[in-house]
Each structure stands twice: as structure tokens, then as C-alpha cells.
There are 2 protein chains.
Amino acid sequence: MRDLPLVPKPMSATADFERDLLADIPLARAMQLSVRGYDGDELVLAAPLAPNVNDKGCAFGGSLGSLLTLAGWGLIVLHLGERECDVYVQDSQMRYLAPVWQDFAAHARLADDESWADFDAMLDTRGRARLRVHCRVPLPDAADACTLEARFVAIARR
Amino acid sequence: MRDLPLVPKPMSATADFERDLLADIPLARAMQLSVRGYDGDELVLAAPLAPNVNDKGCAFGGSLGSLLTLAGWGLIVLHLGERECDVYVQDSQMRYLAPVWQDFAAHARLADDESWADFDAMLDTRGRARLRVHCRVPLPDAADACTLEARFVAIARR
């Protein structure tokens with residue numbers, strides 16, 4: 001019987017994703033972003049309030065928008081996995097519905113009329129595919145504090 | 001003859017605005033934001049590339065969105081001056097047109113069909129007024145790297 005495994009536990013894809021995000025994007029570090037969960041359909045990124053406040057003491061709109069956009073981008077990056085692609089945001093619509101006075105999390109899912117199967121098929125045949133995601137920051141009572149609809153493009157690396 | 005003025009030079013409104021922004025919003029400090037110019041019609045906020053890069057080495061979309069949104073918000077805040085109001089962003093549409101590989105600046109102006117006179121009159125009579133702004137980050141060749149249309153509301157403090 002041993003207390004420690006003989007080999008290091010392999011990093012999960014989400015742990016790799018979080019590590020790369022924090023290593024590559026200084027603003028993600030400044031926001032103290034973390035991956036809270038990922039189940040293949042939804043990615044949840046979290047951030048504490050303190051480094052993300054505005055002049056009023058609630059969450060800064062730029063932090064909310066950044067977390068929402070990164071959640072949408074990460075949803076696609078994690079789906080692509082080992083596939084060699086670059087993923088870019090093309091446009092987004094954001095709605096600010098209520099102020100956020102506590103630590104917050106951005107939840108990203110595919111937009112209602114999108115499918116991973118269509119996206120994958122398009123990427124296979126054309127080497128490039130677009131996808132719209134729906135992202136939200138819920139309040140403690142589950143109502144939306146803000147929402148983001150964003151369109152991304154994935155481009156296979158040659 | 002003296003080399004120094006007898007009284008300290010008063011801080012300008014834009015210097016006050018920059019100081020408050022950096023004091024109140026940690027992410028503005030992380031972005032190393034500065035006010036480049038303001039003439040009453042246009043506000044220009046600047047940020048260096050290094051603290052605002054993404055995984056590809058160009059400007060992070062969250063930094064671009066934050067700077068654009070702050071430029072729009074600041075345009076209204078600076079117009080209001082000493083007037084006691086809170087200004088909130090309500091919604092925005094962002095387009096990412098080209099990557100940004102150098103230090104960048106966000107330019108904010110009123111949207112084409114908006115007027116300060118209407119905004120001021122509405123604020124006087126209702127204590128609340130909405131306004132849409134058009135913001136852009138130009139590339140060195142003057143084409144837009146990204147644009148943001150955002151709607152704000154100003155609410156007079158009671």
C-alpha cells in the first residue's frame with residue numbers, strides 16, 4: 001500500500017487549457033481566471049470579484065466581456081482537442097442586464113441552432129468552419145447578469 | 001524669473017479621469033491604459049500590446065473590448081463633467097476585423113444619429129438618458145481592426 005501513485009496523474013485537457021490560458025494571456029492572469037467545469041457541452045470559467053471590480057465596486061464590464069468571450073472560445077478549443085486549428089472570434093453581441101456584486105462565472109454552450117456534427121463536417125471538408133456560441137453569467141438567483149452571443153471561426157493549420 | 005510655477009498646475013479633467021480609472025479599476029491598471037486625447041467630440045484611450053497579448057501574440061479580444069467599452073463610457077463621463085451621474089453600459093455589438101500586432105488605441109465618438117443636445121435635454125427633464133457611441137481601434141494604415149457600437153444610460157444621482 002502506498003499513499004502516492006507510482007506515476008504522476010496525467011493533466012486533464014481542462015487543466016492543460018487553464019494552464020495555457022494563464023501562461024499565454026496576461027489579462028487572464030490579472031483576472032485570476034480558472035476553469036470551473038467542462039462536460040463536453042458546457043464550459044464554465046470563473047473569476048473572483050476583487051481583481052475585476054469597476055469604479056462602482058461591482059464587476060467591470062470589460063472583465064465580464066473578457067470572461068464570456070474566453071468561455072466561448074474555450075468551448076470550441078476544448079472540443080477540437082488535439083486537432084490543429086486556430087480559433088478566432090469574429091463578432092459578438094453583449095447585453096448587460098444586472099450588476100454583479102460577487103465572484104462570477106461565465107457559462108458557454110453552442111447557440112440553439114448550431115451543432116458540433118455540422119461544425120466538424122465543415123471543418124473536415126473545407127478546413128474552416130464557423131460556429132455561434134451562447135454565453136451567460138448567472139446571478140446567485142440564476143437570472144442572467146449578462147449574456148454574450150458570439151461567432152467564432154476555426155481554421156485548420158496547414 | 002522662475003522655472004517653476006508658483007502654484008501647482010491644476011489637473012485637467014482628462015488627467016483626473018485617467019487617474020480615477022487606474023485607481024478604481026484593477027483591470028485598467030493591468031492593461032496599462034492611458035488617455036491619449038480628448039477634444040469634446042472624441043476620446044482616445046491607448047494601451048501597449050505586451051500586457052494585452054493573446055495566445056497568438058496579437059491583441060487579446062478581451063483587452064480590445066475592454067478598451068473600446070471604456071472609451072465609450074469615458075466619452076460620456078467626460079461630457080458630463082461635474083454633473084452627478086452614474087453611467088452604465090447596456091449592450092454592445094463588437095466586430096473583430098483584423099488582428100492587432102502593435103500597441104493600440106480605441107477612439108470613441110457619438111453614433112451618427114445621436115446628439116449631445118438631445119442627451120442633455122433628456123437628462124434634464126427625465127433624470128435619465130440613453131446614448132449610443134461608436135468606437136474603433138484603427139490599424140496603422142487607418143483601416144478598422146475592430147469596432148464596437150454600444151448603448152449607455154446615464155442616471156442622475158438623487
Side-chain angles (χ1 to χ4, degrees), chain A residues 17 20-33 45 47-74 77 86-99 106 146-153 155 157, chain B residues 17 20-33 45 47-74 77 86-99 106 146-153 155 157:
Chain A
F17 173 73
D20 291 348
L21 213 54
L22 295 173
D24 295 343
I25 306 184
L27 219 66
R29 287 198 296 281
M31 292 172 61
Q32 298 179 26
L33 178 154
L45 300 183
L49 181 62
N52 293 295
V53 291
N54 64 14
D55 57 305
K56 302 169 191 78
C58 55
F60 169 50
S63 290
L64 293 166
S66 296
L67 199 71
L68 287 161
T69 307
L70 280 172
W73 178 79
V77 167
D86 289 311
V87 179
Y88 302 90
V89 59
Q90 294 198 296
D91 50 63
S92 62
Q93 295 80 47
M94 184 157 176
R95 296 177 67 203
Y96 301 83
L97 302 166
C146 51
T147 62
L148 182 98
E149 290 267 345
R151 190 171 58 143
F152 292 85
V153 61
I155 304 173
R157 288 190 206 119
Chain B
F17 172 74
D20 291 347
L21 213 56
L22 295 173
D24 294 343
I25 305 184
L27 219 65
R29 287 198 296 281
M31 292 172 62
Q32 298 178 27
L33 176 155
L45 299 183
L49 180 62
N52 294 296
V53 290
N54 64 13
D55 57 306
K56 301 169 191 78
C58 54
F60 169 49
S63 290
L64 293 167
S66 296
L67 198 71
L68 287 162
T69 307
L70 280 173
W73 177 79
V77 167
D86 288 312
V87 179
Y88 302 91
V89 60
Q90 295 198 295
D91 50 60
S92 61
Q93 295 80 46
M94 185 158 175
R95 297 177 66 204
Y96 301 83
L97 302 166
C146 51
T147 62
L148 182 97
E149 290 267 344
R151 191 172 58 143
F152 292 85
V153 61
I155 303 174
R157 289 189 205 120

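Please read all numbers here as calculations on a predicted model, not as lab measurements. Convention: sequence-line order gives letters A, B, ...; per-chain numbering from 1.
Between chain B and the options A/Glu149, A/Lys56, A/Met31, A/Arg151, heavy-atom pairs under 4.5 Å are most frequent for A/Lys56. The greatest number of non-hydrogen atom pairs below 4.5 Å with chain B, out of A/Gly62, A/Ser66, A/Gly61, A/Ala50, is found for A/Ser66. Across A/Leu21, A/Asp20, A/Thr69, A/Val53, the residue that shares the most heavy-atom pairs under 4.5 angstrom with chain B is A/Val53. Of the listed residues (A/Leu70, A/Leu148, A/Asp86), the one with the most heavy-atom contacts under 4.5 Å to chain B is A/Leu70. In terms of heavy-atom pairs under 4.5 angstrom with chain B, the leader among A/Ala150, A/Ser92, A/Pro99 is A/Ser92.
For A/Val153, no part sits under 4.5 Å from any heavy atom of chain B, backbone or side chain. Heavy atoms closer than 4.5 Å to chain A are found nowhere in B/Val77, neither backbone nor side chain.
The side-chain heavy atoms of B/Leu67 and B/Asn52, taken from C-beta on, include no pair separated by under 4.5 Å.
Taking CG of B/Asp24 as the start and CG of A/Asn54 as the end, the distance is 8.5 Å to the nearest 0.5 Å. If you take CG on A/Leu45 and CG on A/Leu68, they are separated by 9.0 Å, rounding to the nearest 0.5 Å.
Nearest heavy-atom pair across A/Pro51 and B/Pro26 is O-CB, 3.4 Å.
In this structure, B/Trp73 contributes its side chain and B/Val89 its backbone to no donor-acceptor pair below 3.5 Å. Not one N or O on the side chain of B/Arg95 forms a donor-acceptor pair closer than 3.5 Å with the backbone of A/Asp91.
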